[in-house]
Protein chains: 2
Amino acid sequence: MKPKDEKKIKEIFHATLKLVKLNGLAGITMQSIAKQAHIATGTLYIYFENKEKLITELFNECVKKSTSTYFTNYDPEAPFKVGFRTIWENMFQYRINNFEESIFIEQCFHSPFIHQDTKLAAKEMFQPLVKLIERGKKELLIKSLETFCILGFLAGGMSEIIKRAHYFDKKITRPMMEETFLLSWDAMKA
Amino acid sequence: MKPKDEKKIKEIFHATLKLVKLNGLAGITMQSIAKQAHIATGTLYIYFENKEKLITELFNECVKKSTSTYFTNYDPEAPFKVGFRTIWENMFQYRINNFEESIFIEQCFHSPFIHQDTKLAAKEMFQPLVKLIERGKKELLIKSLETFCILGFLAGGMSEIIKRAHYFDKKITRPMMEETFLLSWDAMKA
DNA sequence: TTTTTAACTGAATAATTATTCATTTAATTT
DNA sequence: AAATTAAATGAATAATTATTCAGTTAAAAA
């Protein structure tokens with residue numbers, strides 16, 4: 001009895017992310033994934049029931065992995081700015097180092113593959129950050145704007161900087177990162 | 001001789017935008033576009049050579065329409081903040097009122113339909129804004145961070161706020177808009 | 001070593017989707 | 001009002017892509 005090769009799932013995921021970064025969700029086929037992962041098309045179906053399941057499982061994997069990273073070393077008891085800085089830096093680093101995943105998640109949100117419940121579950125994982133922002137508003141440290149505005153602004157801004165850095169092939173240096181943190185902080189600051 | 005019905009192009013574009021908003025670029029088919037536009041599939045090919053051409057032409061149309069709106073009433077001679085405010089408000093309003101187009105353009109950037117030269121041409125249309133930001137830096141009014149960071153942050157933040165407003169079905173009020181402008185302004189301010 | 005069994009293969013099939021085309025319809029010209 | 005011609009139609013065809021499956025391979029058990 002030959003056992004399932006768990007490394008293959010990683011290779012399939014890796015291949016999918018690479019192709020989505022290259023051509024978008026609209027550009028991937030099961031054949032291209034198989035080829036990129038150096039396996040036969042049929043093998044994909046041993047690991048995943050179908051294309052939709054493959055995408056959905058990868059999506060959930062990415063969301064789980066990324067959000068759990070976002071909150072490592074985060075202490076909800078620490079002062080607001082300390083907590084915010086921790087999460088902010090975790091996000092920034094993660095998205096730079098895992099650019100393909102970020103692109104993939106973004107694409108999934110506007111695709112026929114990911115259903116509403118999956119999206120909601122993903123959103124749910126950001127609760128600690130939502131709570132933190134609300135605490136910041138209570139403590140009068142940040143603007144009293146609706147949380148979705150503040151968070152959207154910060155998250156969208158960060159994503160876009162990282163995207164442009166990749167496309168224009170710019171290196172993000174430590175001082176640039178500090179300046180970028182200031183963009184976020186000054187924006188939200190009361 | 002029956003003349004081409006120019007209104008049909010509008011209907012086709014409109015149908016495509018609606019479907020892309022709903023299901024993403026990965027979710028549209030020529031049949032679904034035709035159906036949504038209340039025409040026969042074959043008719044699509046009278047107006048557009050093929051699917052890629054349809055998408056590319058719609059993309060160019062959207063980019064042209066949106067960027068030209070962004071710079072209406074913009075006076076490059078006016079003080080920095082006045083000019084910035086004009087463009088910022090034009091963008092904000094346009095994206096709220098033409099949400100589908102914004103989503104479509106975003107999706108196109110990561111798709112197999114739009115080629116590099118088309119993307120570059122689109123980027124080129126933002127030159128006046130790039131110039132303005134660079135002027136703001138020279139006048140020491142805003143942070144001396146690379147322009148792509150500042151612009152990316154502002155544009156990404158704005159997009160994401162508007163996206164979340166749509167998905168969570170939030171109305172963006174005038175005071176909210178003012179507060180949102182402050183997010184951008186405070187972020188970039190020196 | 002032999003047997004067993006599930007992974008693996010990739011060509012074959014099924015399903016979907018892009019594109020074409022013979023036919024019909026309706027503006028315009030004569 | 002008849003003739004002309006290009007738009008419009010939608011079923012047929014072509015192309016692409018998802019999925020299956022009969023046969024092969026290799027790990028584990030006997």
Side-chain angles (χ1 to χ4, degrees), chain A residues 1-60 104 107-108 110-115 118, chain B residues 1-60 104 107-108 110-115 118:
Chain A
M1 193 285 275
K2 195 177 169 185
K4 249 189 210 173
D5 180 359
E6 285 303 315
K7 243 188 291 180
K8 281 226 171 52
I9 291 186
K10 285 201 171 158
E11 275 159 27
I12 293 168
F13 280 173
H14 185 249
T16 306
L17 290 175
K18 180 165 182 185
L19 291 173
V20 170
K21 184 199 161 186
L22 230 51
N23 303 317
L25 264 184
I28 53 168
T29 66
M30 292 301 262
Q31 332 243 3
S32 69
I33 293 172
K35 196 171 174 189
Q36 180 76 40
H38 303 294
I39 58 177
T41 337
T43 310
L44 283 177
Y45 289 85
I46 292 168
Y47 293 90
F48 302 97
E49 202 180 315
N50 55 39
K51 189 177 177 182
E52 181 178 312
K53 285 259 170 65
L54 192 164
I55 303 282
T56 303
E57 284 184 33
L58 175 54
F59 177 82
N60 285 328
F104 175 74
Q107 293 252 322
C108 280
H110 264 287
S111 82
F113 302 113
I114 303 296
H115 300 306
T118 307
Chain B
M1 193 279 275
K2 196 177 169 185
K4 249 188 210 173
D5 179 359
E6 286 302 315
K7 244 189 288 179
K8 281 226 170 55
I9 291 187
K10 285 202 168 152
E11 275 158 28
I12 293 169
F13 281 172
H14 185 250
T16 306
L17 290 174
K18 180 166 182 184
L19 291 172
V20 170
K21 185 199 162 184
L22 228 54
N23 303 316
L25 263 184
I28 52 166
T29 66
M30 291 302 260
Q31 333 243 1
S32 69
I33 292 172
K35 197 171 174 187
Q36 180 75 40
H38 304 295
I39 58 175
T41 336
T43 309
L44 284 177
Y45 289 85
I46 293 170
Y47 292 91
F48 302 97
E49 201 180 315
N50 55 40
K51 189 177 177 182
E52 181 179 311
K53 285 259 172 65
L54 192 165
I55 303 282
T56 303
E57 284 185 31
L58 175 52
F59 177 82
N60 285 328
F104 175 73
Q107 292 252 322
C108 280
H110 265 287
S111 82
F113 302 113
I114 303 295
H115 300 306
T118 307

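Order of the sequence lines fixes the chain letters, A, B, ..., with proteins taken first and strands second; residue numbering starts at 1 for each chain.
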Which pairs with one or both residues in residues 14-25 of chain B pass salt bridge (Lys or Arg N to Asp or Glu O under 4.0 Å), sequence neighbours excluded?
-> none
Starting at atom NZ of K35(A), determine the distance to atom P of dT9(C), rounded to an integer number of angstrom.
-> 15 Å
To the nearest angstrom, the CD1-P distance between I46(B) and dT25(C) comes to 15 Å
Rounded distance (Å) that lies between atom P of dA27(C) and atom NZ of K7(B) | 12 Å
Rounding to 0.5 Å, atoms CZ (F104(A)) and OG1 (T16(A)) come to a distance of 7.0 Å
Could you tell me whether F48(B) contacts a base, only the sugar-phosphate backbone, or nothing, with contacts defined as non-hydrogen atoms closer than 4.0 Å?
-> nothing
One should read off an interatomic distance between I39(A) CD1 and L44(A) CG, to the nearest 0.5 angstrom, of 4.5 Å
Specify the separation, in whole Å, of atom CG of L44(B) and atom C1' of dT20(C).
-> 13 Å
Between NE2 of H38(B) and P of dG10(D) the distance, given in whole Å, is 13 Å
Could you tell me whether the phosphate oxygens of dC8(C), OP1 or OP2, come under 4.0 Å of any side-chain nitrogen or oxygen in K8(A)?
-> yes
Does the ring center of F13(A) lie less than 6.0 Å from the ring center of F59(A)?
-> no
Starting at CD1 of I114(B), measure out to CD1 of I55(B) and round the result to the nearest 0.5 Å.
-> 7.0 Å
Quick tally for nucleotides 14-20 of chain D: nucleotides whose base has a protein heavy atom under 4.0 Å get B, sugar-phosphate-only ones S, the rest -, giving ---SBBB
Just jot down the side-chain contact (heavy atoms from CB on, under 4.5 Å) partners of E49(B), sequence neighbours excluded, or say none.
-> K53(B)
Looking across every strand, which nucleic acid part, if any, lies under 4.0 Å from I39(A) by heavy atom: base, sugar-phosphate, or nothing?
-> sugar-phosphate
